[in-house]
Amino acid sequence: MAILEMTGIRKSFASGEVLHGVDLTVEHGEIHALIGHNGAGKSTLMKILGGVHPDHGGTIAIDGKPVSVRTPKEAIEHGIAVIYQDFSLVPQLTVAENIALGREPRLGAAALVNHKELAARSAREAARVGIDLPMDQPVGRLGVAGQQLTEIVRALAQEPRILVMDEPTARLAPNERERLFAIMRDLAARGVGIVYISHFLDEITSVADRITVLRDGDVVARLDAGETDADGLARLLVGDDVAEHQRVTAATPPSGDVTPALEVTDLVVAGRPPISLRVAPGEIVGIAGLVGSGRSRLAKAIVGATPSTGTVAVAGRTLRRRTPARAARAGVLLIPEDRKAQGLVMTGTVQDNIELTALGGELTRAGLVRRAARRRLVADAVKRFQVRPADSGRIVDTLSGGNAQKVLLARAAAAGPKVLLLDQPTAGVDVGAKAEIARQIEQLARDGMAVVLISDDLDELLALTSRLLIMHTGALTATLSTADVDRPGLLSAISRTRKEAA
Ligand SMILES: Nc1ncnc2c1ncn2[C@@H]1O[C@H](COP(=O)(O)OP(=O)(O)OP(=O)(O)O)[C@@H](O)[C@H]1O
């Protein structure tokens, strides 16, 4: 008997019905992948299972018995744990406190939390699944990968019978991903039913047992993982004409003596060795490394979002007293990894968000044509980055995760900076849109923008960049010419630097 059966699930929002009678069955010990394009309805279906959207049609049965899952608490009582795509952590609380959230050990009958017991128990729960985390740090200070791992430990600590993971690897580096797969296989071997959402199609064919494909709120295919490969899945997802992962002619940096768009000299961040780098106008430079290698931190330091010493020059002019606002005015923009905390105003419309950075530019001075010009600019950005629905009046919080990510990119492009620092720009974006975003990044470079691309997606780095910088524990350990390296070569460069530094 199946551990989970969702039957005829329907769900509507004010904008209309987004799930049109979806069936999903998961067996004991099965890893079941749920895939589909951005906005297909995957997260909505899993939020229903997690008790977040009580008003839905259809039924849910566990071990053949119909159950009511109308609140998150009911979901937990039925042994359902859901790891959401955009985290539900409390940034001010420590890692240990977040892991124990809602399950805090009490001191006697009093309402006081037993902090000592809490810290010890959370550490035990993390150790049991082989995840190493700084237990007494506020979770808001961790990078996105650390936050993702905290969510995973928290979910596993509930010892769920049904575990849902909504894009758990979108923000993890390759080594962390492998660890998570080992955990998943182990849980499955113990009979847990796992629903796994991911846009990494090659991961899916290797880790999942069965696959359900959603398109616009309908199930369009159900198959065994062994029946297909990543290309086959890509075709199922978006039709026949996609799945281009080949090299998009990497932008060639202009030859001769051009002033670099970005010149970083002896940048020292958190006491690590000084870093210098130059990026020419029209060049795309990639930064690869493991989680914790200091890539995001370097990007933040360049725009002054984190303290550093050394100099940063944009188009030959040194930035004085670096802050993100000054850096943006000088023409260098960072699109951070954490779209919710640092990137987007979730309660604002798509229009509001895109204007936010585009303002301050020429549009504010354009007098009468201002409003019309703005509207055109936003509509153009929405179209270019394939935001769905293509409605600039939509509140960002009601977009699917991948579409929110596209708004962030559209906004950056609309601002027209000289230098764009992109930190994991396609995390959570489906294959079709990914290829389109790659084309847009390429186009921005062709138009003369310098791009620094931080990514865990090695194929993306290989397809788009002309040079690759490898980082490890805050230091720049190698520079490779992309033309001279392939995927295995890049992987080994990333892990080699780890051994050398150890
Ligand atoms: N709170 C909401 N209000 C209105 N519409 C919503 C809300 N939440 C989701 N939607 C809409 O429901 C549809 C399905 O979204 P959902 O987040 O389930 O997609 P998804 O398949 O998980 O996409 P992604 O891969 O981008 O995460 C989208 O059109 C989205 O805009």
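Since the model is a prediction, treat every value here as computed from it, not as a measurement. First listed ligand is number 1; within each ligand, the first listed atom is number 1.
Distance from atom 22 (O) of ligand 1 to its nearest protein heavy atom, with residue and atom name: S43 OG, 2.7 Å. For atom 18 (O) of ligand 1, the nearest non-hydrogen atom of the protein is T44 OG1, 2.6 Å. Annotation: atom 25 (O) of ligand 1 to nearest protein heavy atom, K42 NZ, 2.8 Å. Nearest to atom 17 (O) of ligand 1 among the protein's heavy atoms is S400 CB, 3.4 Å. The nearest protein atom to atom 30 (C) of ligand 1, hydrogens excluded, is given as T398 O, 3.4 Å; this is a heavy-atom distance. In this structure, the protein non-hydrogen atom closest to atom 1 (N) of ligand 1 is F13 CE2, 3.7 Å. In this structure, the protein non-hydrogen atom closest to atom 27 (O) of ligand 1 is Q85 OE1, 3.2 Å. Closest to atom 23 (O) of ligand 1, if we only count protein heavy atoms, is G39 N, 2.8 Å.
Among pairs with a residue in residues 3-23, those fulfilling salt bridge (charged side-chain N to carboxylate O under 4.0 Å, His left out) read R10-E17, K11-D55, at least two apart in sequence or across chains.
Between D459 and R487, at least one side-chain N (NZ, or NE/NH1/NH2) sits under 4.0 Å from a carboxylate O, which counts as a salt bridge. One finds a salt bridge joining K434 and D457 here, because a Lys/Arg side-chain nitrogen approaches an Asp/Glu carboxylate oxygen to under 4.0 Å. Salt-bridge check for E97 with R154: failed, with every basic side-chain N at 4.0 Å or more from each acidic carboxylate O. A salt bridge is defined here as a Lys NZ or Arg NE, NH1 or NH2 lying under 4.0 Å from an Asp or Glu carboxylate O, and E176 with R179 meets this definition. By the 4.0 Å N-to-carboxylate-O rule, R161 lies close enough to D63 to be salt-bridged with it. Salt-bridge annotation for E442 and R439: absent, with no side-chain N of the basic residue lying under 4.0 Å from a carboxylate O of the acidic one.
The shortest heavy-atom distance from Q405 to ligand 1 is not under 4.0 Å. The closest approach between G36 and ligand 1 stays at or above 4.0 Å for every heavy atom of the residue. In this structure, K47 has no heavy atom closer than 4.0 Å to ligand 1.
In this structure the side chain of Q137 never reaches within 4.5 angstrom of the side chain of T94, judged on heavy atoms. Between I76 and Q158 the shortest side-chain heavy-atom distance falls below 4.5 Å.
Of the heavy atoms in R388, none comes closer than 4.0 Å to ligand 1. The side chain of R394, and not its backbone, has at least one atom closer than 4.0 Å to an atom of ligand 1 (non-hydrogen atoms only; side chain from C-beta on). Both the backbone and the side chain of N38 come within contact range of ligand 1, each with a heavy atom under 4.0 Å.
The shortest N or O to N or O distance between V18 and ligand 1 is not below 3.5 Å. The shortest N or O to N or O distance between P389 and ligand 1 is not under 3.5 Å. Taking distance alone, with nitrogen or oxygen atoms compared against 3.5 Å, A40 approaches ligand 1 more closely than that limit.
Atoms of ligand 1 lying under 4.0 Å from any heavy atom of E167, numbered from 1 in the order shown and given with element: 25 (O), 27 (O). Close contacts between ligand 1 and H199 involve ligand atoms 25 (O) [criterion: under 4.0 Å to a heavy atom]. For ligand 1, the atoms closer than 4.0 angstrom to any heavy atom of H37 are 21 (O). Atoms of ligand 1 lying under 4.0 Å from any heavy atom of G401, numbered from 1 in the order shown and given with element: 26 (O), 27 (O).
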| query | Hey, mind stepping through I48 and M6 against side-chain contact (heavy atoms from CB on, under 4.5 Å) and telling me if it holds? | reply | CA-CA 10 Å; I48 287 171; M6 299 179 81; 4.2 Å; yes

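In this structure a side-chain-to-backbone donor-acceptor pair under 3.5 Å is present from D229 to G232. One N or O on the side chain of N353 and one on the backbone of T349 form a donor-acceptor pair closer than 3.5 Å.
When the side-chain hydrogen bond (donor to acceptor under 3.5 Å, both in side chains) test is applied to E74, the partners found at least two apart in sequence or on another chain are S68.
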